[in-house]
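Hydrogens, waters and symmetry mates are skipped; everything else that's a heavy atom, side chains included, is used. Whatever order the structure lists them in is the order used to number ligands and atoms, beginning at 1. In what follows, residues are counted from 1 in the order of the sequence shown.
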Amino acid sequence: MPMRTLIRDVRVFDGERTVPRADVLIDGALIAEPDGRPADVEIDGSGRTVLPGLIDAHTHVFDGDLAQALTFGVTTELDMFCLPQNLARQRRIAAERDDVADLRSAGVLATAPGGHPSQLMAAEGMAALGDAVGPFETVADAGQARAFVAARLAEGADYLKIAIDGGTVSGTPLPVLGPDVVAALVEAAHDAGLQAIAHAVTTKDALVALDAGVDGLAHVCFDADPLDSAADDLAARIAAQGVFVVSTLSYFEAITGSPGGAEPMRDERIRSRLPEHARAAGDRDTDALPVYSEGVAGALHAARALHRAGVPLLAGTDATPFAPLHGAGMHREMVLLTEAGLTPEETLAAATAVPARWFGLTDRGRIAPGLRADLVLVEGDPTGDITATRAVIDVWRRGVRQSR
Ligand SMILES: [Zn+2]
């Protein structure tokens, strides 16, 4: 008989709305309707809230990251660039083990030869990541788009990621895909049944992605002047095309060295769960980073405009082994989403049901009978105070309760 766990008298945020008091039954790997029969384990949920497992809609997975993510209640990560050998290993780990977050991935992203993020692959300190970094297949012209997408399908990609960035993130000019190549890649992805998701951080690059007909943007843009209407104009265009946007506000904090990025490191609820190497990464000196001083303000401004325009915002961090940190970063991202004008409930939806819907993850992201028992139990009420997500008591992945 599968193990049955009953969480009693708990506040339930089901991915869309809140029920102040209910019982939630975990029957084996799935959520079930409470039936009055005794459970093997009963947990008092009073004063606590149960949430669907969090889904980080933008990460980069290296060894150890999926385990770290799960301790923070992130039960699924949507990886946006992973080399083939590393991807095969992470997939195997996610399938075989119950103490790690689940994974979807773009595999190798599409970029111009020498284009973003080739420069990061060659950066100092990356060699320690072994076969997870190195040279990768690129796209020189539109004629290569179909073969590139076919190769991604063969390596098991769940969607296509396309980088459109002539050096904004790196601070030095880099080769970038032309609009015709981006359009050919999107068409090839759609013909193969894959969604196309673009990395673009400026309005100009986002317009190339929108012209090409992408399904999603992997970042908000951070270059719109808060004093004019550019962010609203872009948001209106994104809304009209039915495109979703992954927020990655904590990514902009990280690349600009914004002091807010260190805030989670001062919160014992987060710090105490981090392995030593991640604490060292989180405590890093950000003075040496290239600082786009308006970066975080610009990204928040864009997120506000997108939210006002009704664009689906998906919580995502762009987590790496450096910054933002896997798992921990999501709890910072959710605070930033509330600063962008989302209510705590809208923020929690952006971290659960909304990414599940846009990525076709029909078995998770909500609390309902028959869905995967990917759950997080926290102390307090994050539907009122979003930082209560950090007070993690228990995490279940596919019905397996994680030891603390
Ligand atoms: Zn990324």
Side-chain angles (χ1 to χ4, degrees), residues 55-62 65-66 68-69 74 76-83 86-87 90 101 103-112 115-123 125-126 129 132-134 136 138 152 157-171 174 176-177 182 185 195-202 205-206 209 214-222 244-256 261 281 289-290 292 295-296 299 302-303 313-330 332-333 336 355 358-359:
I55 300 172
D56 187 334
H58 188 150
T59 73
H60 300 282
V61 175
F62 298 87
D65 290 341
L66 293 174
Q68 182 179 312
V74 174
T76 303
E77 289 206 353
L78 306 178
D79 176 276
M80 289 292 162
F81 176 34
C82 193
L83 296 193
N86 183 31
L87 178 56
Q90 303 306 333
L103 172 71
R104 296 291 183 279
S105 178
V108 175
L109 61 59
T111 192
H116 178 81
S118 312
Q119 81 286 0
L120 296 178
M121 287 294 193
M126 294 296 274
L129 298 172
V133 298
F136 56 93
T138 55
R152 303 293 75 73
D158 299 291
Y159 35 82
L160 181 71
K161 170 92 176 296
I162 305 170
I164 311 170
D165 189 327
T168 310
V169 168
S170 63
L174 291 171
V176 61
L177 295 172
V182 176
L185 284 162
Q195 292 202 94
I197 298 148
H199 161 108
V201 294
T202 64
D205 290 342
V214 296
D215 305 281
L217 294 168
H219 299 281
V220 300
C221 292
F222 74 150
F244 67 81
V245 179
V246 184
S247 53
T248 70
L249 299 169
S250 44
Y251 164 75
F252 290 104
E253 278 193 331
I255 64 169
T256 59
L289 291 176
Y292 310 95
V296 179
L313 278 172
L314 284 53
T317 58
D318 209 349
T320 65
F322 310 109
L325 295 168
H326 285 264
M330 269 296 269
R332 177 66 186 164
E333 190 67 30
L336 292 170
W358 287 89
F359 278 84

Minimal non-hydrogen separation, Tyr251 against Thr317, with atom names: CB-O, 3.4 Å

Can you confirm whether Val176 sits close enough to Ile164 that some side-chain heavy atom of one is under 4.5 Å from a side-chain heavy atom of the other? yes

The Zn ion (ligand 1): protein N, O or S atoms [distance under 2.8 Å]: His58 NE2, His60 NE2, Asp318 OD1

Any non-hydrogen side-chain atom of Leu78 less than 4.5 Å from a side-chain atom of Ile55? yes

Between Leu217 and Phe244, is there a side-chain heavy-atom distance shorter than 4.5 Å? no

If I compare all heavy atoms of His58 with all of Ala218, which pair ends up nearest, and what's the gap? ND1-O, 2.9 Å

Return the set of residues passing ring-ring contact (aromatic ring centres under 6.0 Å, His included) with His116 (not counting sequence neighbours), or none when no residue passes. His199

